[in-house]
Amino acid sequence: QVQLVESGGGLVQAGGSLRLSCAASGRALSTYAMGWFRQAPGKEREFVATISWSGRSTYYADSVKGRFGISRDNAKNTVYLQMNNLKPEDTAVYYCAAGSLGTKSSEYGYWGQGTQVTVSS
């Protein structure tokens, strides 16, 4: 079992930055690929970014490519999402997940409770 807890969300103006963290407990994160997803009100959960267990491979949704960066520190059992040049359309609840490397929610078996990110215009 893996327990995931996200932090770092908040309110930021357009063009600003936030760094989300996802801390794991219960089992070492190093055995899992990690992903970030988000869900805006009235919309389906969507893929944001993913990183392989080693950190060597990363993939991003087109909507965040060049603005967001995913990284991990397996020694600290923590995954990060650096979000730069934020836009109002980035407003959503952000979830981290542990599982297989992929862009689909079904590829991840463990989920955090989410952290709210709100970007004002």
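Values in this document were obtained by computation on a predicted structure and should not be read as measured data. In this chain, residues are counted from 1 in sequence order. Side chains included, hydrogens not; waters and symmetry mates left out as well; all remaining heavy atoms used.
Atom CZ in Phe47 sits 9.5 Å away from atom OG in Ser63 (nearest 0.5 Å). Distance check: Cys22 SG to Leu29 CG gives 6.5 Å after rounding to the nearest 0.5 Å. Atoms OG and CG, on Ser30 and Asn77 in that order, are 7.0 Å from each other to the nearest 0.5 Å. Distance check: Ser57 OG to Leu101 CG gives 6.5 Å after rounding to the nearest 0.5 Å. Here Ser105 contributes atom OG and Arg45 contributes atom CZ; the two are 6.0 Å apart, rounded to the nearest 0.5 Å. Rounded to the nearest 0.5 angstrom, Ile70 CD1 and Thr58 OG1 are separated by 7.5 Å.
Taking all atoms of both residues into account, the shortest heavy-atom contact from Val2 to Tyr32 is CG2-CE1, 3.6 Å. The minimum heavy-atom distance linking Ala49 with Tyr60 is given by the pair CB-CD2, 3.6 Å. The heavy-atom pair separating Arg72 from Ile51 by the smallest distance is NH1-O, 3.6 Å. Across all their heavy atoms, Arg27 and Gln1 have their closest contact at CB-O, 3.5 Å. Scanning all heavy atoms of the two residues, the minimum distance from Trp53 to Asn74 falls at O-ND2, 3.0 Å. When all heavy atoms of Ala98 and Leu4 are compared, the closest pair comes out as N-CD1, 3.8 Å.
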Run Asp73 and Thr78 through side chain to side chain donor-acceptor pair (under 3.5 Å) and show every step you take. CA-CA 5 Å; Asp73 186 336; Thr78 302; over 6 Å; no
Please assess Phe37 against Tyr108 for the test ring pair (Phe, Tyr, Trp, His ring centres under 6.0 Å), listing each intermediate value before the final yes or no. CA-CA 11 Å; Phe37 289 75; Tyr108 297 84; 5.3 Å; yes
Gln113 vs Val5, side chain to side chain contact (heavy atoms under 4.5 Å, CB included): CA-CA, chis, key distance, verdict: CA-CA 7 Å; Gln113 83 291 347; Val5 178; 4.2 Å; yes
Could you walk me through whether Thr115 and Val93 pass side chain to side chain contact (heavy atoms under 4.5 Å, CB included), step by step? CA-CA 5 Å; Thr115 185; Val93 177; over 6 Å; no
Residues Met83, Val117; criterion side chain to side chain contact (heavy atoms under 4.5 Å, CB included); working and verdict: CA-CA 10 Å; Met83 305 186 295; Val117 171; 3.8 Å; yes
Quick one, Ser17 with Gln82, criterion side chain to side chain contact (heavy atoms under 4.5 Å, CB included). Give me CA distance, side-chain angles, the key distance, then yes/no. CA-CA 8 Å; Ser17 298; Gln82 178 67 44; 4.0 Å; yes
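Thr50 places a side-chain N or O within 3.5 Å of a backbone atom of Met34 that can act as its donor or acceptor partner.
In the hydrophobic cluster analysis, where Ile, Leu, Val, Met, Phe, Trp and Tyr join through side-chain heavy atoms closer than 4.5 angstrom, Leu20 is grouped apart from Tyr59. Linking ILVMFWY side-chain heavy atoms closer than 4.5 Å, directly or via other members, places Leu18 and Val79 in a single hydrophobic cluster. A continuous path of hydrophobic side-chain contacts links Tyr110 to Trp36 [ILVMFWY only; heavy atoms under 4.5 Å].
Under a cut-off of 6.0 angstrom, the local environment of NZ in Lys43 is sparse, with at most 12 non-hydrogen atoms contributed by other residues, nucleotides or ligands.
Among residue pairs with one or both ends in residues 89-102, those qualifying as side chain to side chain donor-acceptor pair (under 3.5 Å) are Arg38-Asp90, Arg38-Tyr94, Arg67-Asp90; sequence neighbours excluded.
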